[in-house]
Amino acid sequence: MSLLKNRPSQMELYPIITGVFCGCLIISNILASKTFSFYDFILPCGVVIFPIVYIIGDVLTEIYGFRLAKRTIYLGFVMSLIAVVSYQIAMALPGTDAASANAFNIILGSTPRILIASFISYLVGSYVNAYFMKILKERYTDYLFARCSISTLFGEGLDAILFITIAFAGTMPNEVLITMIICQGAFKVIYEIIVYPITRTVINWMKSLDDTPFGKID
C-alpha cells in the first residue's frame, strides 16, 4: 500500500489527519464531563486533549488550505453529533445492570444546554482559528509561530467565551464565569505555545512531501 511508503504524499495523509482530528474532538467531549483542580482553578478534563484539535486545525490550514480545513471542521461536528445521538439511544435502551446503566448515563449524558454550548463554541472557535491562519499566512508567510499563536488566541478565546457563557450563565456569579473563561482560554493558548515545536516540525515535514494538484485549495 502507498501509505506504507517512507514518504507518503500530502493528500495520502489528509484522511489520517482528519481522523485524528475527529477522534480527539469526540474524546475531549467525553473527558469534559469530569473537572479537575489546577491550583485554585477548576477546569474540565477536556482541556487536556481539546487543544490538539486546534493544533491539527493549524496544520490543516497551513498545508491544505482553508477550504479543506473547513471540511474537516464540519466533519468533526457531524461525527460529534452522531456520537451524541448514539449515546442518547444507548441510554434509552433498557440496561441489564442498574449500577452500570447509571454510571453510563452520568458519564455520557449531557444536558441540552451543555450540548448546544459545546457545538456552537466548537464550530465558531475552530472556524475562526482556521480563518485567522489563512489571512495571516497571506500577509506574514514567514512567521509561523506568530500565526499559530494569534489564530489560537482568537479561536480558543471565542470557544471559551461562548461555551462557558452559554453553558453556565445564570447558574453562577459573573465573576466566576469570567475567571473560568480566562483560565480555560489561557490554559489552551499556553498549551499551544508549549507544543509549538512539535507543530512546526510536523508542518515542515509535511511541506517537504510530494504534493498533488488537489493538495492546496484556497
Which is it for Y191 and T152 under the side-chain hydrogen bond (donor to acceptor under 3.5 Å, both in side chains) test, yes or no, and what are the steps along the way?
CA-CA 10 Å; Y191 190 118; T152 298; over 6 Å; no
Residues V189, S149; criterion side chain to side chain contact (heavy atoms under 4.5 Å, CB included); working and verdict
CA-CA 7 Å; V189 172; S149 300; 5.9 Å; no
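Cluster annotation: V176 is connected to F168 through the hydrophobic network of ILVMFWY side chains, with a link wherever side-chain heavy atoms come within less than 4.5 Å. The cluster map of Ile, Leu, Val, Met, Phe, Trp and Tyr, joined by side-chain heavy atoms under 4.5 Å apart, puts I135 and F154 in the same cluster. In this structure, I193 is not a member of the same hydrophobic cluster as I182, with clusters built from ILVMFWY side-chain heavy atoms closer than 4.5 Å. Criterion: ILVMFWY side-chain heavy atoms under 4.5 Å apart, direct or through other members. Under it, L136 and Y131 are part of a common hydrophobic cluster. Residues M180 and I178 are members of separate hydrophobic clusters, defined by side-chain heavy-atom contacts under 4.5 angstrom among Ile, Leu, Val, Met, Phe, Trp and Tyr.
A distance-only check finds no donor-acceptor pair linking the side chain of S100 to the backbone of D97 [under 3.5 Å]. In this structure, Q184 contributes its side chain and I181 its backbone to no donor-acceptor pair below 3.5 Å. Looking only at distances, no side-chain donor or acceptor of T61 sits under 3.5 Å from a matching main-chain atom of D58. Listed for the E192 side chain is no donor-acceptor partner under 3.5 Å among the backbone atoms of Y54. A donor-acceptor contact shorter than 3.5 Å links the side chain of Y14 to the backbone of L68. Remark: the backbone N or O of W205 is paired with a side-chain donor or acceptor of S208 at under 3.5 angstrom. Side chain of R200 to backbone of L144: no donor-acceptor contact under 3.5 angstrom is found.
Residues S28 and F50 approach most closely at OG-CD1, 3.3 Å, considering heavy atoms. Shown here for Y122 and I73, the closest heavy-atom pair between the two residues is OH-O, 2.6 Å. Closest approach of A169 to L177, counting heavy atoms only: CA-CD1, 3.8 Å. In plain terms, the two heavy atoms of G76 and L25 that are nearest each other are O-CD2, 3.4 Å. Residue I63 comes nearest to I203 through the heavy atom pair CD1-O, 3.7 Å, listed as atom of the first residue, atom of the second, then distance. Closest approach of N129 and G57 over heavy atoms only: ND2-C, 4.2 Å.
Two residues are said to be in side-chain contact when any heavy atoms from C-beta on lie closer than 4.5 Å; I120 and F163 fail this criterion. Put simply, the side chain of M11 reaches to within 4.5 Å of the side chain of Y64, judged on heavy atoms. Two residues are said to be in side-chain contact when any heavy atoms from C-beta on lie closer than 4.5 Å; I16 and L13 meet this criterion. Residues I166 and S121 fail the side-chain proximity criterion, which asks for heavy atoms closer than 4.5 Å. V124 is not listed as a side-chain neighbour of D159, based on a closest heavy-atom distance of 4.5 Å or more.
Note that CD1 of I116 and CG of L162 are 13.0 Å apart. Values are rounded to the nearest 0.5 Å. Between the SG atom in C22 and the CD1 atom in I27 there is a gap of 11.0 Å [rounded to 0.5 Å]. Taking SG of C148 as the start and CG of L153 as the end, the distance is 13.0 Å to the nearest 0.5 Å. Interatomic distance, CD1 of I17 versus CD of Q10, reported as 9.0 Å (0.5 Å rounding). With rounding to the nearest 0.5 angstrom, the CD1 atom of I30 is 12.5 Å from the SG atom of C45. A distance of 9.5 Å separates OG in S118 from CG in L123, rounded to the nearest 0.5 Å.
Close placement of the F145 and Y196 rings is indicated, their centers lying within 6.0 Å of each other. Under the 6.0 Å cut-off for aromatic ring centres, Y127 and F132 do not qualify, their centroids lying 6.0 Å or more apart.
Between E62 and the options K207, M206, K134, a side chain to side chain contact (heavy atoms under 4.5 Å, CB included) holds for only K207.
No more than 12 heavy atoms of other residues, nucleotides or ligands sit less than 6.0 Å from atom CD1 of I198. Within a 6.0 Å radius of CZ in F119, other residues, nucleotides and ligands contribute more than 12 heavy atoms.
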